[in-house]
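For reference, the structure is listed below as structure tokens.
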Amino acid sequence: MCALLLALLPLTFPPPAHADGDQRALSPEPVDFVVLVDESGSLSKADVAAERAAAAVLALGEVSERSRVAVVGFGSATGSGPGPVETVCPPTRADAAGRERLSSCVSRLHRRTDAEGNGTDFPAALTQALSLLSDSEESTPKIVFLLTDGRLDVSDSPAYGDDPASRNANAEKALAKKVAQARAEKVQIWPLGFGSSIDKKQLDALAEGGYQSRCADLPSARPGARVTKGSDDVAEVLLTAFAGARCARTTSGDAKSVTSSADLEVTIPPVATDGTIDVIKENADDVAVTYYDPRGHKVPLNGKADGSEFELVGQSGPVEALRIRNPYPGTWRVHVEVLDGAPAQRITATAIWQGVLRSYIVVDPPAPRAGQQVTAHVTLQTRQGVVLTEPAQLAGIKVSVKLTGDGFPARTVRLADDGKGADPRAHDGEFSARVTVPRTADGALSFTGVMVGEGIAGDESPFPTAVAAAEPLLSGAIVLEDHEVHAGDTARGSIEVRNDDDTAHRLSLALVGGPKSGAPAVSPRKITVAAGKTVRVPLSLAFAPDAEHGAVPGRLTLRDETSGQVVTATFVRLKVVPVPGFLDRYGKQVGAGAALVLALAVLLGLRWQDRRRVRDTSDIQLILYRGDMELSRLRAPTHAGSEFGFSLRAATGGSQRLLLDDSPGRHRVRRAGDGGLVVRLPSGKRIVVARNHRSALSDGLSLGFADHRPTSRSTRPAGTRRGAGGSERTAPKEQPRGRNRHSRGRGGSAAENATMTARRPYDDDF
């Protein structure tokens with residue numbers, strides 16, 4: 001049977017797209033764009049300044065240093081003057097050096113004189129833009145932004161014929177051909193008009209005629225014309241259009257008229273992984289700007305601090321831009337100071353940002369049969385491994401799974417994080433749905449996680465597999481019991497594998513998509529399961545002493561080395577946290593004493609800590625049993641306090657495991673006064689788990705616990721002895737039914753129940 005199944009499966013399976021060898025961190029994808037700026041004679045001095053600022057905002061606000069930017073000024077041709085277009089900024093990489101060059105070259109934009117040709121030649125401008133974009137990579141989005149205060153007007157240009165009356169009509173025909181060329185070459189056109197002489201219908205036609213590729217089919221990313229009454233808000237409107245074009249978002253800027261100093265505020269949401277704060281000034285020489293993150297920390301203008309990277313350009317120009325990689329979420333403060341004696345000026349601060357996310361997908365069972373229903377789970381993580389869980393972070397983000405394969409057309413199923421149906425718990429960042437494999441499927445399968453959202457970009461994570469001809473011969477489950485670990489310590493769990501084949505199988509364990517540096521050492525790397533056997537082995541993830549604090553990304557995958565098939569996989573829900581100091585652990589319990597009574601305050605505080613320590617559940621590890629077989633262990637959170645919650649969840653193979661769960665209506669755990677535990681069930685019923693014993697839970701399951709807190713000699717029950725680390729080594733014993741002295745109606749007398757109540761002073765309201 002083994003040979004038959006293996007013949008129907010591919011020998012190897014490619015790793016996920018983002019599981020490349022160097023684990024390169026996700027970055028915003030580049031775009032190539034050209035800013036076409038109208039230099040016609042109808043512009044005022046203020047209009048020209050606004051156009052320069054708008055062009056600089058786009059050039060400096062770009063979030064990817066791999067993008068290329070060009071700026072072109074245009075008017076119209078005369079018989080003897082310069083041509084209708086001038087490339088003031090040739091295609092330039094938007095890295096630090098390139099952004100400085102762009103900040104300088106936009107100053108060459110100006111209002112044209114009659115001799116220079118001050119008409120409005122849209123066809124010539126678009127021709128130049130298409131030429132500049134012609135050498136872009138095929139996969140790089142190409143965008144043209146057109147900034148104008150008027151409409152097509154080449155009545156003074158002999159380039160469109162000798163008859164002035166027919167020149168505009170000829171230019172319109174030429175423009176239509178160029179717009180069609182833009183569509184054919186996959187170039188988007190985003191026009192922005194300002195002033196009272198705009199031909200909105202003409203600008204709409206430009207936007208609709210160009211390439212209509214949209215970022216994840218979002219309305220904000222559909223090319224369209226923007227029109228504003230004056231030039232004051234041109235930069236902000238153009239930046240909003242730019243954000244839509246490159247799948248990013250802007251947050252409303254703060255603008256003030258500043259005479260001496262002022263604080264401007266911009267907000268960067270938690271989902272943002274890359275962003276730029278743009279400050280627009282009327283006179284750069286008179287303004288100094290300082291930036292503060294949401295915690296009030298002054299950030300460097302260049303370099304790294306607190307996990308973020310900073311790069312400032314444009315201080316000497318009308319726009320300066322602080323690019324931030326991994327920005328701290330919240331409201332940033334931009335402090336501006338105008339030099340003494342300088343006139344008041346209007347200063348605006350705004351932000352453009354993008355959330356570059358990575359998706360991870362797990363499918364259960366990993367090798368389904370045709371017609372079988374499977375469960376797909378997807379999580380979204382930032383490049384630092386943070387799983388998005390808050391509703392505000394996930395607002396507007398839609399997650400789906402796309403099923404492709406041999407023998408059927410592709411289909412897409414929407415996933416949900418609402419705690420209903422296939423989703424185990426609401427708002428935990430795990431999106432789930434049941435997906436039925438088509439009955440006609442007869443070969444390779446691929447489940448791909450897809451995300452859609454305003455300002456969101458990321459990978460599409462595939463889970464490659466194949467249709468199985470029969471029930472899988474290998475099944476298993478991976479349980480990671482610890483959810484927090486200190487640098488230099490080890491997170492632990494377990495792996496259970498069942499082999500129904502008549503030959504042994506060798507399996508390999510790997511952390512897929514783990515951290516780029518400082519990845520934990522995973523053990524065991526290999527597992528051998530004999531024919532017809534079930535094995536349970538301990539799992540460990542050992543972290544180096546210098547491991548970075550924060551969430552650990554990725555998933556643990558157990559793969560059969562013979563077939564290449566994934567046997568089981570699970571998301572890594574683990575965080576490296578600092579070693580708690582005295583104040584971290586007991587800060588809420590220690591009052592601040594005045595200097596004159598410091599000794600007394602410390603003494604009182606220590607006595608209070610001792611009382612709280614008796615109630616603290618942080619050192620408890622719950623153990624779930626079926627009969628004498630241990631199914632799962634669950635360590636309490638590091639700062640659990642007087643109680644914590646958990647729930648039961650079915651694992652692969654019909655087993656059960658314990659999960660931390662603080663949502664309403666779950667199991668709750670507290671310490672009892674006699675050294676045991678009190679567990680309140682979702683029904684409201686309470687059971688007592690005595691030290692070194694187990695108590696019946698439900699459906700043949702029982703619960704015990706290990707207490708890793710050092711126990712004083714006076715409180716240690718008789719018959720126990722110390723183990724390594726101060727823990728007690730007597731194995732938990734099943735409490736016989738009908739003899740639980742803490743349960744009235746199961747053999748306990750009223751007097752014994754009264755004694756039990758008196759011994760648990762902490763549970764009166766539990």
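Along the sequence shown, the residues carry numbers beginning at 1.
- Closest approach of A422 and S432 over heavy atoms only: O-CB, 3.7 Å.
- The pair R668-E643 counts as a salt bridge, with a side-chain nitrogen and a carboxylate oxygen less than 4.0 angstrom apart.
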- Item | side chain to side chain donor-acceptor pair (under 3.5 Å) assessment of Q565 paired with T465 | CA-CA 7 Å; Q565 178 62 50; T465 182; 3.2 Å; yes

- Derivation and outcome, side chain to side chain donor-acceptor pair (under 3.5 Å), residues R657 and S632: CA-CA 5 Å; R657 63 172 180 163; S632 177; over 6 Å; no

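- Applying side chain to side chain contact (heavy atoms under 4.5 Å, CB included) to L445 and the options P368, P366, P464 leaves one that passes, P368.
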- Begin from the C-alpha positions of L622 and V669 and carry the test side chain to side chain contact (heavy atoms under 4.5 Å, CB included) through to its verdict. CA-CA 10 Å; L622 298 178; V669 179; 4.1 Å; yes

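- R680 has its side chain out of reach of R670: every pair of non-hydrogen atoms, C-beta onward, lies at least 4.5 Å apart.
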- List the steps and the verdict of side chain to side chain contact (heavy atoms under 4.5 Å, CB included) for D489 and F543. CA-CA 6 Å; D489 286 350; F543 289 82; over 6 Å; no

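- A salt bridge links R666 with D661; the closest basic N to acidic carboxylate O contact falls under 4.0 Å.
- One finds the CD atom of E496 at 7.5 Å from the CG atom of L631 (value rounded to the nearest 0.5 Å).
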- Item | side chain to side chain donor-acceptor pair (under 3.5 Å) between R633 and Q621, worked out | CA-CA 7 Å; R633 287 181 175 243; Q621 187 177 39; 3.0 Å; yes

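- Taking a cutoff of 4.0 Å between a charged side-chain nitrogen and a carboxylate oxygen, R671 and D707 qualify as a salt bridge.
- Using a 4.0 Å cut-off between charged side-chain N and carboxylate O, E430 and R555 make no salt bridge.
- Salt-bridge formation is detected for the pair D293/R295: a Lys NZ or Arg NE/NH1/NH2 atom is positioned less than 4.0 Å from an Asp or Glu carboxylate oxygen.
- Ring orientation note: the planes of H377 and F571 are nearly perpendicular, at an angle over 60° on the 30°/60° scale.
- In this structure the side chain of L474 never reaches within 4.5 angstrom of the side chain of P472, judged on heavy atoms.
- Residues W353 and V63 have side chains not in contact (no heavy-atom distance under 4.5 Å, counting atoms from C-beta outward).
- Of all the heavy atoms in L659 and L634, the pair that sits closest is C-CD2, 3.8 Å.
- The pair E265-R333 does not meet the salt-bridge criterion, since no charged nitrogen lies less than 4.0 angstrom from a carboxylate oxygen.
- For D423 and R425, the salt-bridge test fails: no basic side-chain N is under 4.0 Å from an acidic carboxylate O.
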- Message: Test side chain to side chain donor-acceptor pair (under 3.5 Å) on S308 and R325; report intermediate values, then the result.
- Response: CA-CA 6 Å; S308 300; R325 181 179 171 89; over 6 Å; no

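- You'll find the side chain of L403 stays beyond 4.5 Å of the side chain of V413, heavy atoms only.
- To the nearest 0.5 Å, atom CG of residue L539 and atom CD1 of residue I495 are 4.5 Å apart.
- Counting non-hydrogen atoms of other residues, nucleotides and ligands closer than 6.0 Å to CZ of F408 gives a total above 12.
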